[in-house]
Q: 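Please see the structure below; I have some questions.
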Amino acid sequence: MSKRNLSKVQKLAVESFGKPVLIFAGAGSGKTRVLTYKIAHLIKNNLVSAEHILAVTFTNKAAKEMKERVNKLVPEKESILNIGTFHSICARILRKEIHHLGYSSDFSIFDVQDQKSLVKVVIESMDIPKNYVTPQEVRHKISYFKNKLIHPDEAKKKAHLVVEKTYADIYEKYQKALVKNNAVDFDDLLILPLTIFENHPNILEKYREKWQYILVDEYQDTNKPQFMFVKYLAEGHHQICVVGDDDQSIYGWRGADIRNILDFEKNFGNCDVFKLEKNYRSSAHILEAASSVVKNNKNRAPKELIPHNGAGEKLGLIETNDEMEEADAVVNALEKEIKLQKRNFSDFAILYRTNAQSRSLEDAFRRSGIPYNIVGGFRFYERKEIKDLIGYLSLIVNPKDTISLRRVINFPPRGIGMKTVDKCVIQASMKKTEMVEVLSLPEEMGIRGKQAGSLMTFYNIIKKYNELLPKLNAGELVRALVEEAGIVRYYRESSAPEDQERLANVMEFLKSVDEFMARTPDGGLSQFLEEVSLLTDLDQWNDETNRVTLMTLHSAKGLEFPVIFITGLEDGLFPLYSALESVEKLEEERRLFYVGLTRAMEKVYLMYANHRRRIGSDELYGMVSRFVYEMPEDKLEKISFTSALTRKVVGGRPGQFTKTAVSRTVVVFDDFRVGDYVEHAIFGVGKVMALSGQGENQRVGIVFKDGLKKKLVVKFANLKKVESPED
Ligand code: ATP
Ligand code: MG
């Protein structure tokens, strides 16, 4: 392993052994790189063998990358390395140990939707006035309790107001319901291992033995349960290395506690601290702008960050009228970058504060035919048809899961109504048996005729596939199930257009099971379900294709791109209004901006709009984000932009917000014909193969060189007619 790729201090950090190690340094200083090299160093020098190392990353994607990199440094060790997120590592522990807590190892993992459904069921079973509390807010509250490791008993004791008592009561019942459903929620994944460690010292000892060296990336964003997890494991041997940057702590709203990194020495004893002070990622202008912003935070540990790279370009600042023009301006700047700097689409990331902002950007990208990937937003596995399928599978694996049972008992429609479901709930509770079991005895509940038949059919399917679990692999089972349960037939026979898309998604899901099988040949259904439920937004991001990436600032943590756009830099949007009320929240927003800026290697574009529509309200913003003023003026370069659309500002008195009226200039377009040759700024020369629409709406289908096909709106595509290259 060559350590030539490390600076002197990085090398020292890699080689430090025998004491806890804290690497506390700014963005882009090589923290993740040091962590990766450290794993390789431990293995290579026989300090700790690969199977005794545990490394924690923030996303599954980062874990996969780290595994691959370590494998490059010390080949052949990839398969036995334990690298994962806190959630995936804890899920693995629970599969083995959860029986100590009265669950069985085929437990379900409830996502946010399932949690809300369960909260709803719990609320309905209690004597609570309608609409007094919503499942949404209760779920938040429960998550808050769990992140602070507050047990239901304690929550009840601490509650003073009536509403607090209600929350605590629901929390207590919700937790019992989870156990009954043999299910855990996301927070439980982190908390239940702690309970096991606490109550079973022999099990804790086993894991201490198993993981003799622990490494944690992005340590500044650990919450209390995560900290406790690390503390339990490392307490025996103190062989631990954490890396982080307090300036990049951006998950306070989810319970992350910056004190975990600031108090590292206090918690783990005498340690080696390394401060990496050179930034290898960003050019100097960007870095200096980012540093001046974050210096406005009072609550931070001072640190130096010296640019390793040259000055580079100033940060571009672009003002636009509204979000549509902002999106056009992004496309425009991006096209120029591609043309002048010979960049690829994958060199760009467009960042925004809230997911809702992606819509206008997506529209603009689609219009101009620029390929993009969007991280987050509406996820494949959250679609109704996929959740239904997963519901079936969860129920087959874990027949106690009543949330899945409720979800799919009448899908495809079998004529089983909510009243029947309620009867089943009562019957199961009276007979002290599982809900799924009472389905097979409809007459005991006074259910007859078609409904009784439907209950039996449903029961038989679940039972049959539950028994087939050990005999079929995940792929075979899912394929047979979608046929037998009538899911494929239902969508195929439906005339609704959206059902055809749903069918296509079901097929896509089958493909994902096949991919899983190819990767994990002896993987069972419950392993597949676990993998699916632990997917994060970033895991579904395919960065291997040449596409522009769109994502929230939060998702961008740890990543880097040659060019970064930060959009929506308006006070009230970034920083969010809700953050303006407290110093802590405002400082977290500022750190988020710092994270955004420091993702860039060569160029940053900062965008703000004078007016912006927000979904569900006609709120308009008019003020440039305060963060823009926190950067030295000489690092910024104003870039003016005029859209292809002419926008006139009408009405409004001085000092008031004005409304923007959009009037489109009617441009006389080139009169394209099939067979014409045209030139596009990015794709080069191509031949028009098809035309549709007229005037404003005219679209052209073009085949560019290398067979690249694009359908473009003439108005936005900026095409130039050229001579046929064959002439
Ligand atoms: P962040 O705070 O954003 O997570 P980080 O501190 O983890 O950043 P890395 O991602 O490890 O930083 O490194 C930033 C960039 O600098 C990467 O492209 C990495 O390959 C490069 N780099 C790190 N150390 C060196 C070095 N000694 N020489 C050259 N390049 C380096
Ligand atoms: Mg990093």
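Start at 1 and go down the list; that is how both ligands and their atoms are numbered.
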Q: I'd like to check which ligand 1 atoms, numbered from 1 as shown, lie under 4.0 Å from a non-hydrogen atom of G30.
A: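 It comes down to these atoms of ligand 1: 5 (P), 6 (O), 9 (P), 11 (O), 12 (O), 13 (O), 23 (C).
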
Q: Look at ligand 1 and say whether D245 reaches it with a heavy atom at a distance under 4.0 Å.
A: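 It does not, in that no heavy atom of D245 comes within the 4.0 Å cut-off of ligand 1.
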
Q: Is it the case that the ring center of F24 lies less than 6.0 angstrom away from the ring center of F274?
A: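 Ring centres of F24 and F274 not closer than 6.0 Å.
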
Q: Could you pull out, from K557, R33, E560, Q220, the option with a heavy atom nearest to atom 17 (C) of ligand 1?
A: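 Nearest heavy atom to atom 17 (C) of ligand 1 lies in E560.
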
Q: Return the orientation label for the H87 and F186 ring planes: parallel under 30°, perpendicular over 60°, tilted otherwise.
A: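 Because their plane-to-plane angle lies in the 30° to 60° range, the rings of H87 and F186 count as tilted.
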
Q: For the residue pair Y372 and F365, categorise the inter-ring angle as parallel (less than 30°), tilted (30 to 60°) or perpendicular (more than 60°).
A: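 Ring orientation of Y372 relative to F365: tilted.
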
Q: Taking atom types as modelled and ignoring hydrogens, do the side chains of N279 and S29 form a donor-acceptor contact shorter than 3.5 angstrom?
A: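 Their side chains do not contain a donor-acceptor pair, so the 3.5 Å distance test is not met.
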
Q: Which atoms from ligand 1 have a heavy atom of S7 less than 4.0 Å away?
A: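 Contacts of ligand 1 toward S7, numbered from 1: 27 (N).
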
Q: Under a heavy-atom criterion of less than 4.0 Å, does R599 contact ligand 1?
A: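 Within the 4.0 Å threshold, so yes.
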
Q: What atoms of ligand 1 come within less than 4.0 Å of a heavy atom belonging to N5?
A: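 Checking each atom against N5, I get 26 (C), 27 (N), 28 (N).
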
Q: Before signing off on this row, confirm whether G28 and ligand 1 have an N or O atom pair separated by under 3.5 Å.
A: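 N/O-N/O distance under 3.5 Å: yes.
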
Q: Give me the ring orientation class for H554 and Y251: parallel if the planes are under 30° apart, tilted from 30 to 60°, perpendicular past 60°.
A: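 Rings of H554 and Y251: tilted, 30 to 60°.
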
Q: Evaluate L6 for polar contact with ligand 1, using N/O atom pairs at a separation under 3.5 Å.
A: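 No; the residue has no nitrogen or oxygen that sits under 3.5 Å from a nitrogen or oxygen of the ligand.
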
Q: Regarding T32 and D217, do their side chains bring together a donor and an acceptor under 3.5 Å, going by distance alone?
A: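 Looking only at side-chain atoms, D217 and T32 do form a donor-acceptor pair, the distance falling under 3.5 Å.
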
Q: So, Y213 versus W211, ring centres under 6.0 angstrom or not?
A: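 No.
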
Q: Does only the side chain of H308 get under 4.0 Å from ligand 1, or the backbone, or both, or neither? Count heavy atoms.
A: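 Neither part.
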
